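What follows is a short report on a single structure.
Computed from a predicted model, the values in this text were never measured in an experiment.
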Amino acid sequence: MNGAIANQLIDFLFVIPCVLIALTVHEVAHGWMAYKLGDPTARNFGRLTLNPLKHLDLIGTICMIFFHFGWAKPVPINSRHFKKPRRDMALTAAAGPISNFIMSFIGILLYSVFGAIFNALPAQTSFVFNIQYAAMTLLYYFHILNLSLGLFNLIPVPPLDGSRIFYIFLPPKFYFGIMKYERYIQIALMVLLYLGFLSTPLSMAVNFISGLMIKLVSLLPFI
């Protein structure tokens, strides 16, 4: 097998579980927040589950695997159950990206802790080295993919969470006028990702915030 192809397959083995966890927790966070704010719709549809098959969108998952930016199948939300629909819809939308940022920070924290532990070991056998490589690679992908998913979903266009967060600032007529074109905007997002017009600036933002998280973690005394 060609070395480059073998490396890509190995990368996929690390990326796929990270993508599944990131997308699943993201959607569960939406449903959980909606439930806490009075809307049981996601729970009634069985979406408050960590089973990834309940949440994955085929195109969004493929984009996550290949471009590291994507989306899951939105949880059903009925804003009529909310006491303050505009505010509570924004909070429900924000819960997804926030969950990804938390997981991203946990990922880079564990990455740094594992690195410190392995570096403290006196002599490393090939077995220990392989364990270190696998663990730290998985944690780094977990950090980057969660950060990427969180930032990508803050873009204020449908079907992304940013459009629902910024709903609170827009007149309902204008907001729902934009939402009519959600499917076309989704196609445009995929094209922009493929051409690099969107993935390049997003990657720069991810690298910048990742650097800030790494600096913050480095301040901890046990790292």
Is there a path from [X] to [Y] through hydrophobic residues (I, L, V, M, F, W, Y) whose side chains come within less than 4.5 Å of each other?
X	Y	result
Leu13	Leu145	no
Val19	Phe142	no
Val206	Phe208	yes
Leu195	Leu198	yes
Ile102	Leu110	yes

Apply side chain to side chain contact (heavy atoms under 4.5 Å, CB included) to residues Leu212 and Leu216 and explain how you reach the verdict.
CA-CA 6 Å; Leu212 293 179; Leu216 181 60; over 6 Å; no
Who pairs with [X] by side chain to side chain contact (heavy atoms under 4.5 Å, CB included), at least two apart in sequence or on another chain?
X	result
Ala90	Ile168
Leu53	Asn51
Pro74	none

Quick check: closest heavy atoms across [X] and [Y], and the distance to 0.1 Å?
X	Y	result
Asp39	Pro76	OD2-O, 4.3 Å
Pro52	Leu20	CB-CD2, 4.3 Å
Asn146	Ala22	OD1-CB, 3.4 Å
Pro97	Asn153	CG-CB, 4.2 Å
Phe14	Ala134	CE2-O, 3.5 Å
Gly31	Val75	N-CG2, 4.0 Å

Mind checking what makes ring-ring contact (aromatic ring centres under 6.0 Å, His included) contact with [X], not counting sequence neighbours?
X	value
Phe12	Phe66
His30	His26
Tyr141	none

Stepwise side chain to side chain contact (heavy atoms under 4.5 Å, CB included) check, Leu149 with Met64
CA-CA 8 Å; Leu149 181 61; Met64 273 295 294; 3.9 Å; yes
Rounded to the nearest 0.5 Å, what's the gap from [atom1] on [X] to [atom2] on [Y]? Could you check?
X	Y	atom1	atom2	value
Leu48	Trp32	CG	CH2	10.5 Å
Ile59	Lys73	CD1	NZ	13.0 Å
Cys18	Ile144	SG	CD1	11.0 Å
Asp11	Ile65	CG	CD1	12.5 Å
Asn207	Leu147	CG	CG	9.0 Å
Tyr111	Leu138	OH	CG	12.0 Å

Go through the side-chain N and O atoms of Asp57 and Trp71 and say whether any donor and acceptor fall under 3.5 Å apart.
yes
Pair Leu91-Leu37, side chain to side chain contact (heavy atoms under 4.5 Å, CB included): steps then yes or no
CA-CA 9 Å; Leu91 290 173; Leu37 293 171; 4.1 Å; yes
Going by heavy atoms in the side chains, are [X] and [Y] under 4.5 Å from each other?
X	Y	result
Thr24	Thr49	no
Leu139	Ile108	no
Leu50	Ile21	no

Is Lys54 atom NZ crowded by more than 12 heavy atoms from other residues, nucleotides or ligands, each under 6.0 Å away?
no
With sequence neighbours excluded, tell me which residues meet side-chain hydrogen bond (donor to acceptor under 3.5 Å, both in side chains) with [X].
X	result
Asn78	Arg80
Tyr35	Arg43
Thr61	none
His143	Ser104, Ser210

Quick one: ring pair (Phe, Tyr, Trp, His ring centres under 6.0 Å) pairs with a partner in residues 72-110, sequence neighbours left out?
none
Would a distance-only check, ignoring hydrogens and angles, find a side-chain to backbone donor-acceptor pair under 3.5 Å from Ser163 to Leu160?
yes
Looking at His55, is its backbone amide N or carbonyl O close enough to the side chain of Glu27 to form a donor-acceptor pair, meaning the two atoms are under 3.5 Å apart?
no
Evaluate side chain to side chain contact (heavy atoms under 4.5 Å, CB included) for Ile77 paired with Thr41, printing each intermediate quantity in order.
CA-CA 6 Å; Ile77 302 294; Thr41 308; over 6 Å; no
Once side-chain hydrogen bond (donor to acceptor under 3.5 Å, both in side chains) is applied, what residue pairs with a partner in residues 82-99 remain, sequence neighbours excluded?
none
